[in-house]
Amino acid sequence: MNYLLIDLKASQTNMLQSLGLLAPAPVMPALLMAHALDHKLAQPLGIQGVGLVHQHAAPWIEHLDNQKGYLERALVQRRGACLFDKHDIASGGGAGPQQNAMQPMALADIEWTLLLQCERSISAHEQLRETLLRMRLAGGPIRSVHVSTHSTWDDAMAHTLRNGFWIEDATDLLTDAVDPLSAALDAVRSRGNGWIVPANLGYALLEPPRERRGARDGRHHAFAEPMIGLIRYVPATAARSPERALSPQDLWRYGWDADQFLITNRRGISLQPNLNS
């Protein structure tokens, strides 16, 4: 195996994990972006797994005058052609100049490190870098990229875990929960489980995929709902410890469990490459 290390910075990434949860943790977008990169290269790398390391995140915050003599912090919002829940400004639908076409969003600039386990090596670093700079991560443009290659797992991890936080799936904290939502909130608040963050780790189909007009690239389409799980940020010093003994089995991967599309890096979780396979 070969290992490709990517240090990147992306701006305006989407923090919406679901309509009710915010976190600058684009785990699924980062994993799927790595596999999309594989398809864009003239000679695919054959990516087998992806390691994720959080370095830094800065939500987009603006300071608004609350007319009481001080400023309040609020998430940056943008204007669009349409109101979020009413009239279309562009077509003269009666929105009027006094109404503000705010589009609810939550954005963040992030710095992450991705470790890709590949079947084949790559020497064209500049081509890889230019390809990544034309891509997006969680909807945000990638602003800078540094890549390096490593021939062994130990060498790759020595460079991957220089600093930051190793990201791992902590959804097992919800396994025996009677009320998963309360258990998730308790885990996030708990000091004994490390730094726990909710994140979208999959989708559950609400219907069988079928042909539908307007579907992207003419592919079968199905409505789905997000599967919210938990991730844990492990400090690099702790992740490097012999007790953890990280291996390629601890890399993130994706697949199907019946009619649920999931991502995980937990050992012992079996995911299938195809729906209902």
Side-chain angles (χ1 to χ4, degrees), residues 12-33 50-54 57-61 72-77 84-85 102-108 110 112 137-140 165-209 221-235 238-239 250-272 275-276:
Q12 305 172 51
T13 61
N14 186 8
M15 290 200 298
L16 288 172
Q17 302 295 329
S18 70
L19 287 179
L21 292 172
L22 301 180
V27 176
M28 177 175 283
L31 174 60
L32 298 185
M33 184 200 70
V50 180
L52 303 173
V53 177
H54 169 93
W60 276 41
I61 300 292
E72 289 185 341
R73 291 161 56 87
L75 289 169
V76 171
Q77 300 293 289
F84 178 61
D85 58 357
M102 286 294 188
Q103 303 296 303
M105 63 181 62
L107 306 175
I110 67 169
W112 274 26
L137 173 58
F165 297 83
W166 176 260
I167 300 176
E168 63 182 20
D169 186 350
T171 311
D172 58 308
L173 296 174
L174 307 179
T175 301
D176 299 321
V178 177
D179 184 346
L181 179 58
S182 296
L185 294 175
D186 290 342
V188 170
R189 299 184 185 117
S190 173
R191 296 184 179 182
N193 293 319
W195 184 12
I196 303 292
V197 176
N200 179 20
L201 300 184
Y203 290 94
L205 297 185
L206 298 176
E207 61 174 355
H221 174 276
F223 290 100
E225 60 182 355
M227 301 287 288
I228 301 300
L230 298 175
I231 59 174
R232 179 185 289 107
Y233 288 75
V234 181
D250 298 296
L251 297 178
W252 286 85
R253 59 197 184 279
Y254 66 83
W256 290 89
D257 179 10
D259 61 352
Q260 299 175 353
F261 179 81
L262 304 173
I263 65 171
T264 186
N265 77 329
R266 285 192 288 162
R267 299 185 183 186
I269 302 296
S270 178
L271 299 176
Q272 303 302 317
L275 176 62
N276 295 323

| Interatomic spacing from CH2 in Trp112 to CD1 in Ile167 - rounded to 0.5 Å | 3.5 Å
| query | Hey, what do you get for CD1 (Ile263) to CG (Leu31), rounding to the nearest 0.5 Å? | reply | 5.5 Å
| With sequence neighbours left out, what residues match Glu168 under side chain to side chain donor-acceptor pair (under 3.5 Å)? | Arg232, Arg244
| query | Which heavy-atom pair separates Trp166 from Ala239 by the least distance, and what is that distance? | reply | CB-CB, 3.8 Å
Tabulate below the donor-acceptor pairs under 3.5 Å that side-chain atoms of residues 264-271 make, not counting sequence neighbours, or state none.
unit_1: Thr264; atom_1: OG1; unit_2: Asp169; atom_2: OD2; d: 2.7
unit_1: Thr264; atom_1: OG1; unit_2: Arg266; atom_2: N; d: 3.0
unit_1: Asn265; atom_1: OD1; unit_2: Asp169; atom_2: N; d: 2.8
unit_1: Asn265; atom_1: ND2; unit_2: Asp250; atom_2: O; d: 3.0
unit_1: Arg267; atom_1: NE; unit_2: Asp250; atom_2: OD1; d: 3.1
unit_1: Arg267; atom_1: NH2; unit_2: Ala245; atom_2: O; d: 3.3
unit_1: Arg267; atom_1: NH2; unit_2: Ser247; atom_2: OG; d: 3.2
unit_1: Arg267; atom_1: NH2; unit_2: Asp250; atom_2: OD2; d: 2.8
unit_1: Ser270; atom_1: OG; unit_2: Gln272; atom_2: NE2; d: 3.4

| said: Set out, in order, the CA-CA distance, both residues' side-chain angles and the distance that settles side-chain contact (heavy atoms from CB on, under 4.5 Å) for Ile231 and Leu52, then state yes or no. | reply: CA-CA 11 Å; Ile231 59 174; Leu52 303 173; over 6 Å; no
| Is there a donor-acceptor pair under 3.5 Å between the side chain of Gln17 and the backbone N or O of Pro226? | no
| note | Scanning both residues in full, the closest heavy-atom pair of Ala57 with Ile110 reads CB-CG2, 4.1 Å
| task | Applying side-chain contact (heavy atoms from CB on, under 4.5 Å), name anything that partners Leu22, two or more places apart in sequence or on another chain. | result | Leu16, Leu75, Ala106
| Glu72: salt bridge (charged side-chain N to carboxylate O under 4.0 Å, His left out) partners, not counting sequence neighbours | none
Name each donor-acceptor pair under 3.5 Å that joins a side chain in residues 196-206 to protein atoms two or more places apart or in another chain, with its distance.
unit_1: Asn200; atom_1: OD1; unit_2: Gly202; atom_2: N; d: 3.2
unit_1: Asn200; atom_1: ND2; unit_2: Tyr203; atom_2: OH; d: 3.0

| note | Heavy-atom closest pair (Asp257 atom, Leu262 atom, distance to 0.1 Å) is CB-CD1, 3.9 Å
Let me have the donor-acceptor pairs involving side chains of residues 180-190, under 3.5 Å, with sequence neighbours excluded, atom names and distances please.
unit_1: Ser182; atom_1: OG; unit_2: Asp179; atom_2: OD2; d: 2.8
unit_1: Ser190; atom_1: OG; unit_2: Gly192; atom_2: N; d: 3.1

| field | Residues that Tyr233 engages under ring-ring contact (aromatic ring centres under 6.0 Å, His included), provided they are two or more places apart | value | His54, Trp195
| remark: Heavy atoms of Glu207 and His221 approach each other most closely as OE2-O, 4.2 Å
